2 protein chains.
Amino acid sequence: MEKYVELLKRTQLFSGVKDTEITSMLHCLQAKLLTFKKGDYVFREGEHIDKLTILAEGKLLVQRDDFWGNRSIVNVIRIGEMFGEAYVAPESGSLLNDVIAEEDSTVIFFDVRRILTVCSTACRFHSMVVQNLFFAISEKNRKLVQKIDHMSKRSTRAKLLSYLSEEAKRHNNNRFTIPFTRQQLADFLCVDRSAMSNELCKMRDEGLLQFDKNKFILL
Amino acid sequence: MEKYVELLKRTQLFSGVKDTEITSMLHCLQAKLLTFKKGDYVFREGEHIDKLTILAEGKLLVQRDDFWGNRSIVNVIRIGEMFGEAYVAPESGSLLNDVIAEEDSTVIFFDVRRILTVCSTACRFHSMVVQNLFFAISEKNRKLVQKIDHMSKRSTRAKLLSYLSEEAKRHNNNRFTIPFTRQQLADFLCVDRSAMSNELCKMRDEGLLQFDKNKFILL
DNA sequence: ACAAGTCTGTTGTTTTTACAACAAAAGGAG
DNA sequence: CTCCTTTTGTTGTAAAAACAACAGACTTGT
């Protein structure tokens with residue numbers, strides 16, 4: 001656990017909290033470390049969760065398979081990112097998605113109740129963490145709206161352009177790497193993989209962009 | 001303003017706060033009342049907002065028109081509901097959507113900075129409001145994921161079924177009224193109106209549901 | 001009550017997407 | 001290195017959605 005203090009220091013949740021304070025908060029929040037093999041479920045849809053998690057190693061996908069077997073990827077959790085913020089609130093209902101390890105992963109679990117119930121004596125920085133959590137949920141909220149914006153586009157091409165240009169903007173660079181395989185990108189944008197692959201190649205042939213695997217260049 | 005204390009008492013933000021305390025908080029948060037005619041912009045995409053708002057009268061739509069003129073409705077704000085929570089955080093960037101009065105509307109504006117900076121002396125219930133705000137953002141987050149879930153469905157029919165069955169579940173009743181005209185529902189689900197209208201009628205003919213205007217019955 | 005405008009359902013046509021199937025390329029395990 | 005699996009691009013066909021255009025029902029304002 002101690003080895004992840006450096007990582008935690010750079011996360012949104014512990015932003016501005018010092019090493020020694022993080023160490024004491026790990027106890028206060030009853031932090032636990034769990035590992036998952038590729039393909040393992042971290043959470044299942046329908047579960048009632050009372051844990052906030054930060055990813056220490058690997059990669060997670062927040063996704064959902066519907067009745068017809070179509071998969072929809074809602075979000076990717078990368079190292080240092082969080083999952084479960086939206087379920088910190090009491091009466092937040094059951095989880096709407098599966099969370100699955102896309103690679104062998106290590107996840108830090110925090111006790112939710114310990115976060116909201118400020119322990120004034122032990123952790124002076126508890127309130128700062130609560131505020132960080134607040135801003136984190138706020139930011140995830142805006143990201144979800146952005147995703148809705150991509151998905152709202154009518155054609156596969158428009159969805160791709162919307163997503164890719166946002167990634168370019170986010171990286172401040174027209175060269176960037178996406179965290180998806182083709183199938184995953186299709187599941188993220190909710191379109192058919194082969195149709196999307198086709199569209200990507202057309203766009204490349206038209207000189208709109210270049211790509212190699214999951215490295216893209218917008219032109 | 002005083003006439004809306006009863007309304008505010010029943011909102012998520014002021015849940016658990018007494019009348020007299022709400023009255024004093026209205027000053028503390030520099031509450032201001034503004035009215036909008038049908039079609040007026042309450043906020044515009046790209047704006048930097050520093051106000052939290054609660055709708056007192058009318059109806060608002062959170063929407064966005066893309067390059068090709070396709071409109072996407074992200075959310076409806078009904079009386080007592082809130083907009084702007086996700087932009088309370090500093091550095092939350094510019095607004096991603098337009099907010100438009102769908103009917104003549106009255107909106108209460110609160111100063112965001114006053115909400116986050118707890119004034120310990122004046123308002124004992126300030127911290128409760130902050131917590132309420134926290135839970136509200138959290139809930140909106142989950143609602144956005146639900147919307148993504150509807151939109152992720154591949155066919156118009158599946159999108160409709162996903163949306164309508166959630167509404168039925170939310171109302172605890174297979175009879176319910178939706179807050180949309182056909183065009184708006186189409187914009188909300190990001191599909192073509194006529195195709196959707198067609199699909200609705202097919203579903204009715206197959207005995208899956210009944211409808212009259214925006215009243216629906218699932219069978 | 002009337003006229004103008006909006007909303008809804010309906011139809012036919014065009015375009016796009018989904019689906020299925022396969023081959024080539026890349027990556028991994030033994 | 002070789003075999004096996006996964007990923008990606010490609011194609012043809014079937015299905016679905018978008019688009020356009022219009023008529024009737026319903027609203028709204030005068």
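No hydrogens, no waters, no symmetry mates; every other heavy atom, side chains included, goes into these values. What you see is a predicted model, and the numbers here were worked out from it, not measured in a lab.
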Discussion item. Strictly by ring pair (Phe, Tyr, Trp, His ring centres under 6.0 Å), give each pair with a member in residues 72-108 of chain A just once, sequence neighbours left out.
Written reply: Phe43(A)-Phe83(A)

Response to the item:
Residue pairs passing the ring pair (Phe, Tyr, Trp, His ring centres under 6.0 Å) test with at least one member in residues 177-196 of chain B, sequence neighbours excluded, are Tyr163(B)-Phe188(B), Phe180(B)-Phe188(B)

Worksheet item: With the threshold set at 4.0 Å, does a side-chain nitrogen-carboxylate oxygen contact exist between Glu139(B) and Lys143(B)?
Response: yes

Item to complete: Go through residues 147-163 of chain A and report each residue with a non-hydrogen atom lying under 4.0 Å from DNA chain C, sorted by number.
Response: Ser155(A), Thr156(A)

Discussion item. So, using side chain to side chain contact (heavy atoms under 4.5 Å, CB included) as the criterion, who are the partners of Asp111(A) when residues are at least two apart?
Written reply: Gln30(A), Lys51(A), Arg113(A), Arg114(A)

Fill in: Opening and closing nucleotides of DNA chain C in contact with chain A, under 4.0 Å to non-hydrogen atoms
dT17(C) to dG27(C)

Distances under 3.5 Å only, N/O to N/O: pair up the protein atoms with those of nucleotides 9-12 of chain D.
{"unit_1": "dG9(D)", "atom_1": "OP2", "unit_2": "Arg182(A)", "atom_2": "NE", "d": "2.9"}
{"unit_1": "dG9(D)", "atom_1": "OP2", "unit_2": "Ser197(A)", "atom_2": "OG", "d": "2.9"}
{"unit_1": "dG9(D)", "atom_1": "N7", "unit_2": "Arg193(A)", "atom_2": "NH1", "d": "3.2"}
{"unit_1": "dG9(D)", "atom_1": "O6", "unit_2": "Arg193(A)", "atom_2": "NH2", "d": "3.1"}

Worksheet item: For Glu57(B), what residues pass the side chain to side chain donor-acceptor pair (under 3.5 Å) criterion, not counting sequence neighbours?
Response: Tyr4(B)

Worksheet item: Any donor-acceptor pair under 3.5 Å linking the side chain of Ser197(B) with the backbone of Ser194(B)?
Response: no

Discussion item. In this structure, how many angstroms lie between the P atom of dT6(D) and the CD atom of Gln184(A), rounded?
Written reply: 14 Å

Worksheet item: Given atom CG of Asp187(B) and atom C1' of dA18(D), what is their separation to the nearest angstrom?
Response: 14 Å

Discussion item. Please enumerate all residues that pass salt bridge (Lys or Arg N to Asp or Glu O under 4.0 Å) together with Glu91(B), with sequence neighbours excluded.
Written reply: none

Fill in: Test side chain to side chain contact (heavy atoms under 4.5 Å, CB included) applied to Ala168(A) - qualifying residues, sequence neighbours left out
Phe176(A), Leu218(A)

Response to the item:
Residues at least two apart in sequence or cross-chain that pass side chain to side chain contact (heavy atoms under 4.5 Å, CB included) with Ile100(B), listed by chain then number, are Tyr41(B), Gln63(B), Asp98(B)

Item to complete: Return the value, rounded to whole Å, for the distance between atom NZ of Lys38(A) and atom C1' of dT5(D).
Response: 11 Å

Fill in: Sidechain N-carboxylate O distance under 4.0 Å for Glu166(A), Lys169(A)
no

Practice prompt. Decide, yes or no, whether a salt bridge links Glu81(A) with Arg78(A) under the criterion of side-chain N to carboxylate O below 4.0 Å.
Written response: yes

Practice prompt. Give me the bend of the helix from dA1(C)-dT30(D) to dG30(C)-dC1(D), using the axes of the five pairs at each end, rounded to 10°.
Written response: 60°

Discussion item. Before you tell me yes or no, could you show the steps for Glu199(A) and Lys159(A) under salt bridge (charged side-chain N to carboxylate O under 4.0 Å, His left out), namely the whole-Å CA-CA distance, both residues' side-chain angles and the distance that decides it to 0.1 Å?
Written reply: CA-CA 11 Å; Glu199(A) 201 63 37; Lys159(A) 287 188 176 88; over 6 Å; no

Worksheet item: Residues in salt bridge (Lys or Arg N to Asp or Glu O under 4.0 Å) with Glu2(B), at least two apart?
Response: none

Item to complete: Starting at atom CD of Glu199(B), determine the distance to atom P of dA16(D), rounded to an integer number of angstrom.
Response: 8 Å

